[in-house]
Asks: 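Below is a structure I'd like to ask you about.
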Amino acid sequence: MVAVLDPFHAIAVSARAHALAAQGRAIIHMEFGQPSTGAPAPAIAAAHRVLDNGAMGYWESPALKERIARHYLETAGVTVDPACITLTCGASPALVMALSLRFGPGDRVAIARPGYVAYRNNLRALFMEPVELPCGPAERYQLSAAALAALHPAPAGVILASPANPTGTVIPPDELAAIVEVCRARGIHLIADEIYHGITFGAEARTVLGMDPQAIVVNSFSKYFSMPGWRLGWLVVPPELAEQARARMGNLFLTPPVLAQHAALVAFDCADELESHVATYARNRELLLAELPRWGLGGIAPPDGAFYIYADIGHLTDDSLAFCLKMVEETGVASAPGVDFDPVEGHRFIRFSFAVSTALIEEAIERLRPWFAAQPRRSHA
Ligand SMILES: Cc1ncc(COP(=O)(O)O)c(C=O)c1O
């Protein structure tokens, strides 16, 4: 039996956007969830030095693991043994490793719907069963302790994402504690995708490390550290899983890129540059939150973090992919269709990524304001 996975439809929008750019059109890329900024300047300088002087064989940086552990101590007051940290080629392989460390074929794992497309697809690829819990604007698109408690039979596991993709919403600390308690009481294994930690707008995104000693945490240098193409992330597991985590990394992926590891160590000391990106996202968020409702877009849960706004466009379409393709064609603004995040309701949602400059957000608003005003309403919407 071969698993069949869904494509990432935003790639089709992006491909069209790039084709239009090749024709000379000015495109604003709001389709992918990636910072438009590069790695911090001192991190790039460190990479240059390694390129000139290093041999770059297979390697895992002990200093980087210690630095990550120190990061947890400094930012969350949580002690993590560096031996429990595995460096990975981004959060993506870390997620596969986390799932395969905890679950086997047929195991049911709860996820929020809408949610990051890879959760559903990775579970399928590993012959596990995604249990999608519908989460609407009333739930701020997030899983709750009550929803997990109401699942019968109890799933083997749950993946939490806070801040979440595609909505940027955060699970408040007291709700997170309640979820951890439901997991403990019902024997549900928790995997927390903390990839958007560091990018919050006043809300507290608390790490589950220190709350649940059995939790597995996935994280990455792709978002806050602005290094998506460097392909570096990490996995934190309970001590009893550390050896099997290393075995998975070694067998499936060997080591992460050496250049990235050297650069990432330096990136931890670039707070000023990285915080200036977060300040840009905060400004962009304000602009979009003020504007989108005026265009009739609904269902918006103001994002607590990450760099996304997820909005209901059901009054205009029941085919979000066709809508995004039309929008990029006619305005040059690329976005992601909701079907990537929610196979049931996503046909009437759109996700804007605002990880671009504020000038580009202003330009996107200027283009989209008249365009949305001119879109015909669906007759029965
Ligand atoms: C929620 C979430 N998890 C994981 C990833 C994968 O990130 P990476 O493999 O670049 O670390 C992404 C990428 O967009 C994401 O949004």
Side-chain angles (χ1 to χ4, degrees), residues 5-11 13-14 29-39 64 68 85-99 109 111-123 125 130 132 135 141-143 158-171 191-200 205 207-208 216-236 249 252-253 256-257 260-261 263-264 267 281 303-310 334-338 340-342 346 351-356:
L5 310 186
D6 303 323
F8 196 19
H9 294 99
I11 292 174
V13 181
S14 198
H29 288 282
M30 299 173 72
E31 73 275 36
F32 288 151
Q34 59 178 358
S36 54
T37 46
L64 183 56
I68 292 169
I85 298 171
T86 307
L87 300 174
T88 63
C89 315
S92 304
L95 188 61
V96 175
M97 289 162 59
L99 292 175
V109 179
I111 52 177
R113 197 191 75 221
Y116 181 48
V117 62
Y119 301 150
R120 189 173 2 112
N121 283 320
N122 282 344
L123 286 164
E132 296 185 325
C135 303
Y141 300 102
Q142 274 290 6
L143 286 180
V158 60
I159 304 175
L160 298 182
S162 168
N165 180 2
T167 58
T169 56
V170 159
I171 301 173
I191 294 178
D193 182 349
E194 299 186 349
I195 188 167
Y196 292 104
H197 279 209
I199 308 176
T200 47
T207 178
V208 298
I216 296 183
V217 166
V218 168
N219 209 325
S220 168
F221 289 90
S222 293
K223 311 294 177 177
Y224 175 71
F225 293 95
S226 193
M227 299 173 67
W230 297 70
R231 307 310 305 135
L232 188 64
W234 70 91
L235 186 69
V236 187
M249 185 61 204
L252 297 174
F253 310 104
Q261 295 181 65
Y281 305 150
D304 305 303
F307 30 60
Y308 305 118
I309 290 191
Y310 195 60
S335 57
D340 274 337
F341 313 100
D342 181 344
R351 186 198 73 179
F352 293 99
S353 169
F354 52 82
V356 295

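Order of listing sets the numbers, starting from 1, for every ligand and every atom in it. Just the heavy atoms: all of them, side chains too, but no hydrogens, waters or symmetry mates, feed the values below.
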Asks: Could you find the nearest protein heavy atom to atom 13 (C) of ligand 1 and give me its residue, atom name and distance?
Replies: K223 NZ, 3.1 Å
Asks: Specify side chain, backbone, both or neither for R231, according to which of its non-hydrogen atoms lie closer than 4.0 Å to ligand 1.
Replies: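 It is the side chain that gets close, since no backbone atom is under 4.0 Å.
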Asks: Under 4.5 Å between any side-chain heavy atoms of M227 and L232, yes or no?
Replies: no
Asks: I need the single residue from D342, N165, T169 that forms a side-chain contact (heavy atoms from CB on, under 4.5 Å) with Y310. Which is it?
Replies: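 Passing option: D342.
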Asks: Could you find the nearest protein heavy atom to atom 2 (C) of ligand 1 and give me its residue, atom name and distance?
Replies: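 Ranked first by proximity to atom 2 (C) of ligand 1 is D193 OD2, 3.4 Å.
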Asks: What residue and heavy atom of the protein are closest to atom 7 (O) of ligand 1, and at what distance?
Replies: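 Looking only at protein heavy atoms, the one closest to atom 7 (O) of ligand 1 is I195 CD1, 3.3 Å.
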Asks: Does a side-chain heavy-atom distance below 4.5 Å link D304 with T200?
Replies: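 Result no, sub-4.5 Å side-chain heavy-atom pair not found.
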Asks: Residue-level breakdown please: for A161 versus ligand 1, do any non-hydrogen atoms fall below 4.0 Å on the side chain, on the backbone, on both, or on neither?
Replies: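 A161 to ligand 1: no contact under 4.0 Å from either part.
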Asks: Taking C-beta and beyond as the side chain, do S36 and H29 meet within less than 4.5 Å on heavy atoms?
Replies: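 A side-chain contact is absent here, since even the closest heavy-atom pair is not under 4.5 Å.
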Asks: Which is closest to atom 9 (O) of ligand 1 by heavy-atom distance: G90, S92, G33?
Replies: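 Heavy atom nearest to atom 9 (O) of ligand 1 belongs to S92.
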Asks: Classify the angle between the aromatic ring planes of Y116 and Y119 as parallel (below 30°), tilted (30 to 60°) or perpendicular (above 60°).
Replies: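 Because their plane-to-plane angle is over 60°, the rings of Y116 and Y119 count as perpendicular.
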Asks: How does F221 reach ligand 1, by side chain, by backbone, by both or by neither, if only non-hydrogen atoms under 4.0 Å count?
Replies: neither
Asks: Which of the atoms of ligand 1 are close to S222, meaning less than 4.0 Å from one of its heavy atoms?
Replies: 8 (P), 10 (O), 11 (O)
Asks: I need the contact type for Y119 against ligand 1. Using non-hydrogen atoms and a strict under-4.0 Å cut-off, is it side chain, backbone, both or neither?
Replies: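 It is the side chain that gets close, since no backbone atom is under 4.0 Å.
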Asks: Between Y308 and Y196, does the ring centroid distance fall short of 6.0 Å?
Replies: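 For Y308 and Y196, the ring centres are under 6.0 Å apart.
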Asks: Quick one: does Y196 get an N or O within less than 3.5 Å of an N or O on ligand 1?
Replies: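 Yes, Y196 has an N/O under 3.5 Å of an N/O on ligand 1.
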Asks: Would you say the side chain of V208 lies within less than 4.5 Å of the side chain of E194, judging by non-hydrogen atoms?
Replies: yes
